[in-house]
Amino acid sequence: MSPVSSSRQLLREPAPGLVPRVVAWFEDAARDLPWRHADRTPWGVLVSEVMLQQTPVVRVEPVWREWLRRWPAPADLAAAPTADVLRAWGRLGYPRRALRLQDCARAIVERHDGTVPDDEGALLALPGIGEYTAAAVRAFAFGRRSVVVDTNVRRVLARTLGGTALGAPSPTAAERSLAADTAPLDDATAARWAAASMELGAVVCTARAPRCHACPVADLCAWRAAGHPPDEHAHRRRTQAWHGTDRQVRGRVMAALRAADAPVPRALLADSGPDPVQVDRCLGGLVEDGLIEQDEAGRFHFPA
DNA sequence: AACCCGGGGGC
DNA sequence: GCCCCAGGGTT
């Protein structure tokens, strides 16, 4: 590296040492996850990223394995009965993701000849692929530079560089800018940094009980240096209600249909919630979302 | 920007 | 019981 590019790098880098040390730590500490194996495919990476949206790794892994066994390529999922797709999704949660993943597979077949695109714009245009997932697929499937800003990266940067316990309640332009400035310029290192910073947040720099003693950059962490001040946005974070909500009722309906091998009459779904009006509202919503259908006899089932 | 959308496990 | 989790889509 020339002196000129070296000084540029140093000036650009918010905290000298952060990136190389986290990347070096990752070389040893990386969890052995199937979508990281050498024989991974872009499709497998994409599927993992969609499943990992709001669902922890330990619950995704077995479903991912079975999923890739059954539908190893986008064309396979595109051709599958939607009922099979929703059953295979199981209890990962947010089942609309399963519908979007199948729509995504169909779009890949139609627009890209069955091959996962490596272009960020093309990825973003696919159903269920947002800013984070497009960047992640580019980095992890294709080894390309992209700025990955997930909840882990936001927390790691907030702590090490910002000196705060957590990021803002929702991602800000300042956070994206900081992440962009932190990401190395070359493809290979940027892709490693993306994976490494996420991993650090997932297993060491965790939200609840961070393991600072095991952190490769504890000595340069601004949050640790400041004495671990509490989250200044705590009063603004709303924890989502669960008991008695439509989401809980919808989940019970989906679980009942997964357990059934034939269309289910409305009467057998009554215990999905205490309030019949709410149950009907949720059934209507699930139909609206394309997650369930109603036959001539009024019984509910998954789409064919 | 705010809201909706599952489900489970750690503490 | 509370909080968090490799977010996306809609309004």
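Labels below follow one simple rule: chain letters A, B, ... track the order of the sequence lines, proteins then strands, and each chain is numbered from 1. Remember, predicted model here, so these are calculated numbers, not experimental data.
Judged purely by distance below 3.5 Å, without hydrogens or angles, the side chains of A/Tyr132 and A/Glu49 pair a donor atom with an acceptor atom. Under 3.5 Å, the side chains of A/Arg100 and A/Tyr94 contain no donor-acceptor pair of N or O atoms.
In this structure, A/Trp71 has its ring center at least 6.0 angstrom away from the ring center of A/Trp43.
Pairing for C/dG7 goes to B/dC5, judged as Watson-Crick or G-U wobble with the two contacts each under 3.5 Å.
Separating the CG atom of A/Leu166 from the P atom of C/dC4 is a distance of 7 Å, rounded to the nearest angstrom.
Between the P atoms of B/dG8 and C/dG9, the separation comes to 24 Å (whole Å). A gap of 12 Å separates the C1' atoms of C/dC5 and B/dG6, to the nearest Å.
Positionally, the nearest nucleotide of DNA chain C for A/Arg155 lies more toward the 5' end than for the other of A/Arg155 and A/Gly128. Of the two residues contacting DNA chain C, namely A/Val57 and A/Arg100, the nearest-nucleotide position lying further toward the 5' end is that of A/Val57.
In this model, a side-chain donor or acceptor of A/Arg208 finds a partner on the base of C/dC3 within 3.5 Å.
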Using a cut-off of 4.0 Å between protein heavy atoms and nucleotide atoms, how would you tag nucleotides 1-8 of chain B 5' to 3' with B, S and -? ---BBBBS
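Within 6.0 Å of atom CG in A/Asp295, more than 12 heavy atoms from other residues, nucleotides or ligands are found, so the atom counts as buried in its surroundings.
Contact annotation: A/Thr133 side-chain N/O to C/dA6 OP1/OP2 distance is not under 4.0 Å.
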